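When reading the values below, keep in mind they use all heavy atoms of this one structure, side chains included, and skip hydrogens, waters and symmetry mates. Chain letters run A, B, ... following the sequence lines, proteins first, then strands; residues in each count from 1. None of the values given here were measured: they were computed from a predicted structure.
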Number of protein chains: 2
Amino acid sequence: MRIGQLAQLVGVETQTIRFYEQQGLLPPPDRQDNGYRVYTEKHGEGLAFIRRCRILGLSLAEIHELQSYQDDPHQPCTAVNALLDDHISHVRSQITALQVLEKQLVSLRASCNDDREVEACGVLAGISEGNMHQQ
Amino acid sequence: MRIGQLAQLVGVETQTIRFYEQQGLLPPPDRQDNGYRVYTEKHGEGLAFIRRCRILGLSLAEIHELQSYQDDPHQPCTAVNALLDDHISHVRSQITALQVLEKQLVSLRASCNDDREVEACGVLAGISEGNMHQQ
DNA sequence: TTAAACTATAAAGCTACTATAAGGTCAATA
DNA sequence: TATTGACCTTATAGTAGCTTTATAGTTTAA
């Protein structure tokens with residue numbers, strides 16, 4: 001299978017595949033005489049794994065770490081679980097931060113309506129004066 | 001006031017101040033004979049405004065937009081409010097996406113415990129097989 | 001006087017791609 | 001046969017918002 005077919009199969013762009021190869025996340029495939037990359041089903045699985053990890057919000061470094069565990073299948077999987085736990089708490093703290101932020105933004109927005117001039121805008125005044133309900 | 005004092009006052013790094021100047025968010029200050037930047041209180045207010053916007057999650061482009069409104073104080077502030085409304089809905093959709101993600105991650109995590117080998121790890125199996133509870 | 005602390009510019013690094021440029025290869029068509 | 005279009009190659013730059021590094025000049029305190 002050539003790069004375009006693999007890309008279509010997994011739903012990524014061809015450059016993304018080359019990028020993953022360059023980053024060491026996908027093993028370099030064999031080449032045809034003309035230099036074209038030739039992929040196997042294994043590559044397809046590897047690429048799909050990477051994409052699912054990305055959808056879960058894992059960084060390329062974390063994916064690399066997971067791959068290193070896969071290469072040594074008889075160690076205990078505590079590290080895998082720990083990585084996921086860390087990621088979950090990271091996601092949770094992001095959610096919390098965004099919820100705080102949303103409240104600040106909504107209260108800032110409530111301090112103005114559309115019938116004013118910029119000079120008297122409650123939103124701009126709120127930002128300028130730092131009325132941002134810290135924490 | 002020199003750049004280091006301004007930086008300490010507002011709580012940013014000196015490079016960040018130079019960066020904002022370069023990006024057109026802070027007006028270029030006067031220079032001493034030796035080339036050192038000299039800042040006024042106005043610069044301090046401008047920088048604080050930028051930082052508060054950044055804390056609210058606004059992009060530099062959005063900040064630039066807000067500044068352009070400030071330069072024309074007698075137009076109606078509908079555009080300011082609209083910018084904030086857009087930002088609020090952006091934040092809300094981020095929250096929703098992260099909440100969906102959190103559920104996926106938690107259910108993935110529940111499919112394993114620490115007493116397995118990598119080979120049998122429920123987390124890795126879940127990612128590899130794509131059991132990711134779409135949507 | 002010398003060293004620490006400050007300032008300056010320019011350029012590279014970070015993440016995870018995406019886009020662009022310039023070119024080689026291949027199959028089908030006129 | 002010539003050429004068009006779709007595909008492939010590499011290399012490089014751009015995105016956001018800084019941070020880091022390199023290199024060098026200036027000021028200040030000991």
[X] has an atom [atom1]; how far is it from atom [atom2] of [N], in whole Å?
X	N	atom1	atom2	result
B/Arg54	D/dA16	CZ	P	11 Å
B/Ile17	D/dG17	CD1	P	18 Å
B/Ile55	D/dC18	CD1	P	11 Å
B/Phe19	D/dT15	CZ	C1'	12 Å
A/Gln32	D/dC7	CD	P	15 Å
B/Glu13	D/dC18	CD	P	11 Å
A/Gln22	C/dT18	CD	P	14 Å
A/Leu47	C/dA16	CG	P	16 Å

Query raised in the report: With under 30° as parallel and over 60° as perpendicular, where do the rings of A/Tyr39 and A/His43 fit, or are they tilted in between?
Result: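 The arrangement is perpendicular - the two ring planes meet at more than 60°.
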
Query raised in the report: Under 3.5 Å, is there an N or O donor on one side and an acceptor on the other linking the side chain of B/Tyr20 and the base of D/dG17?
Result: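 Counting by modelled atom types and ignoring angles, no donor-acceptor contact under 3.5 Å is found here.
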
Between [X] and [N], is there a contact of a side-chain N or O with OP1 or OP2 at under 4.0 Å?
X	N	result
A/Arg37	D/dC8	no
A/Asn34	D/dC8	no
B/Arg2	C/dA5	no
A/Thr14	D/dC8	no
A/Thr16	C/dT18	yes

**Report entry** Residue B/Arg18, side-chain atoms from C-beta onward, closest of C/dT9, C/dT20, D/dT19
**Finding:**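 Looking only at heavy atoms from C-beta outward on B/Arg18, the closest nucleotide is C/dT9.
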
Report task. Output yes when a side-chain donor or acceptor of B/Arg109 lies under 3.5 Å from a complementary backbone atom of A/Asp85, and no otherwise. Result ->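 Here the side-chain-to-backbone pair does not exist.
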
Query raised in the report: For the side chain of A/His87 and the backbone of A/Leu56, is there at least one donor-acceptor N/O pair under 3.5 Å apart?
Result: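 The answer is yes, because a donor-acceptor pair under 3.5 Å joins these two groups.
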
Query raised in the report: 5'-most contact on DNA chain C: A/Leu60 or B/Ile3, nearest heavy atom basis?
Result: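 Comparing both residues, the 5'-ward one is B/Ile3.
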
Query - CG-OG1 distance between B/Leu101 and B/Thr96, expressed to the nearest 0.5 angstrom - result: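 The CG atom of B/Leu101 sits 12.5 Å away from the OG1 atom of B/Thr96.
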
Query raised in the report: Applying the 4.5 Å side-chain criterion to the ILVMFWY set and letting contacts propagate, would B/Val38 and B/Met1 be lumped into a single cluster?
Result: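 Unlinked, B/Val38 and B/Met1 end up in two clusters.
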
Query - Along DNA chain D (nearest heavy atom to each residue), the more 5'-positioned of A/Gln5 and B/Ala61 - result: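 It is A/Gln5 whose nearest nucleotide is closer to the 5' end.
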
